[in-house]
Amino acid sequence: MTQAILAFNSGSSSIKFAAYEVDAHAKPTLICKGMLDRRSADAEIVIKDPAGKIIETGGARADGADSDLAGILIGHVEPLLDGRRLAAAGHRIVHSGPDFSAPVRVDSDVLRKLEALTPLAPLHQPGGLAPIRTLLASRPDLPQIACFDTAFHRDLAPIYRRFPLPIEFEAKGIRRYGFHGLSFEYIAQRLPKPQTRSVIAHLGSGASLCAIRHGSSVNTTMSLTPLDGLMMATRSGAVDPGLVLYLQQSERMSASAVEDLLYRKSGLLGVSGISADMRTLLASSDPSAHQAVDQFCARIAEQIAVMASGIGGIDALVFTAGIGENSPDIRRNVCARLQWIGVQLDDNANAQRRGVISAPNSKVEVLIIPTDEEIMIAQHTRDVVVGAVS
Ligand code: ADP
């Protein structure tokens with residue numbers, strides 16, 4: 001019987017999902033995809049066909065934090081599988097900790113280990129693990145595979161993996177991991193010239209850069225937690241580590257108040273005082289919105305140079321995710337700050353969102369490549385389970 005895999009990409013307020021037909025060799029083929037918005041009590045589900053046409057809507061009637069939304073969602077998706085058997089669910093899990101560096105089938109022991117990492121990814125880990133926890137109870141026979149955002153960075157060299165701290169901290173798992181790995185892996189497989197020195201800019205609500213050489217991650221801007229590196233929608237990105245001590249010692253802020261400040265009240269939201277949403281800021285004439293946008297772009301440009309230094313230069317710069325794929329203004333702002341490194345944008349191509357958006361004489365090829373984390377989840381999940389269950 002043909003088999004299907006359901007990929008979950010769970011955020012704090014929504015679950016993106018996609019069902020694929022899989023076999024052992026071919027690329028997974030999309031059957032349907034959708035989104036469950038869990039902000040309202042009657043969690044709304046929208047399911048679309050591969051062409052983007054809505055084929056089903058429904059409510060999941062969430063009744064409490066532990067509602068089996070994923071189980072209800074499977075109830076909506078299974079009738080759309082046309083007789084294919086649901087072989088597994090794959091999940092994007094942000095943090096693997098030191099124990100996992102590849103996709104893994106989750107049982108209650110693994111789940112406990114992953115739940116213990118919540119302080120290292122407080123915005124993401126709970127939402128990613130919630131569907132696994134409820135499905136372990138409601139569908140105990142359904143294999144569930146955790147696909148980690150950290151895994152693509154597993155081979156970072158010691159100079160980029162270690163913090164400049166005494167060695168015993170690395171032994172405890174306190175080191176640089178990196179995130180957005182499913183997105184970077186997808187893009188790395190689609191680079192027109194994989195041998196080139198490439199920097200990928202994943203710019204969504206979360207944002208990070210990855211330096212790629214020969215298809216592998218060499219360095220990345222996020223580190224122990226998804227708070228490091230670039231300025232983001234509500235996250236500060238890198239700040240002076242002394243700031244954290246100062247806030248606690250002199251401003252008498254508790255650890256959880258500092259967490260709230262740096263993860264939820266900073267970044268575009270904090271600087272602008274207006275919104276965490278890039279579209280809103282770009283549409284605003286308020287000087288603080290301009291300041292937030294410029295600060296966001298300046299940090300990206302500066303860190304692209306840092307990433308390039310780890311791979312000996314830069315031949316290709318790729319923009320992806322919500323802001324990277326959709327905002328000509330942000331791409332123009334970032335690229336204007338990189339002319340000294342040989343970046344020349346083609347303004348028409350940038351405005352029209354074509355694949356290659358650099359000018360013919362640009363020393364660095366600039367591209368837009370839309371990301372697809374769900375298909376990476378499906379591919380990894382297939383690799384773990386299909387052999388075992390067919
Ligand atoms: P998430 O990390 O939540 O998956 P996305 O990758 O969907 O985030 O990116 C969300 C961000 O993309 C938001 O800040 C949104 O404003 C921005 N965005 C989406 N479309 C556009 C656009 N046309 N112009 C500018 N920003 C956009």
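Any value given below was found using the heavy atoms of this structure, including those in side chains, with hydrogens, waters and symmetry copies removed. Just so you know, ligand 1 is whichever comes first in the structure, and atom 1 is the first atom listed for that ligand. All of these numbers come straight from a predicted model, not from anything done at the bench.
At most 12 heavy atoms of other shown residues, nucleotides or ligands fall within 6.0 angstrom of atom CE in Met35.
Under the 4.5 Å side-chain heavy-atom criterion for Ile, Leu, Val, Met, Phe, Trp and Tyr, Leu262 and Leu224 are members of distinct hydrophobic clusters.
Using the six-membered ring where Trp is involved, Phe184 and Phe152 have ring planes that are tilted, between 30° and 60° apart. Ring orientation note: the planes of Phe8 and His91 are close to parallel, at an angle under 30° on the 30°/60° scale.
Under the 3.5 Å distance criterion, the side-chain polar atoms of Arg154 are matched with a main-chain donor or acceptor of Ser101.
For the side-chain hydrogen bond (donor to acceptor under 3.5 Å, both in side chains) condition, no pair includes a residue of residues 239-248, sequence neighbours left out.
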Short N or O contacts of ligand 1 with protein, under 3.5 Å, listed by atom name?
residue	atom	partner	partner atom	Å
ligand 1	2 (O)	Ser205	N	3.2
ligand 1	3 (O)	Ser205	OG	2.9
ligand 1	4 (O)	Lys16	NZ	3.4
ligand 1	6 (O)	Gly322	N	2.9
ligand 1	8 (O)	Ser205	N	3.2
ligand 1	8 (O)	Ser205	OG	3.3
ligand 1	12 (O)	Ile323	N	3.4
ligand 1	14 (O)	Met278	N	3.2
ligand 1	16 (O)	Asp277	OD1	2.4
ligand 1	16 (O)	Met278	N	3.2
ligand 1	16 (O)	Arg279	N	3.2
ligand 1	16 (O)	Arg279	NE	3.4
ligand 1	23 (N)	Asn326	O	3.3

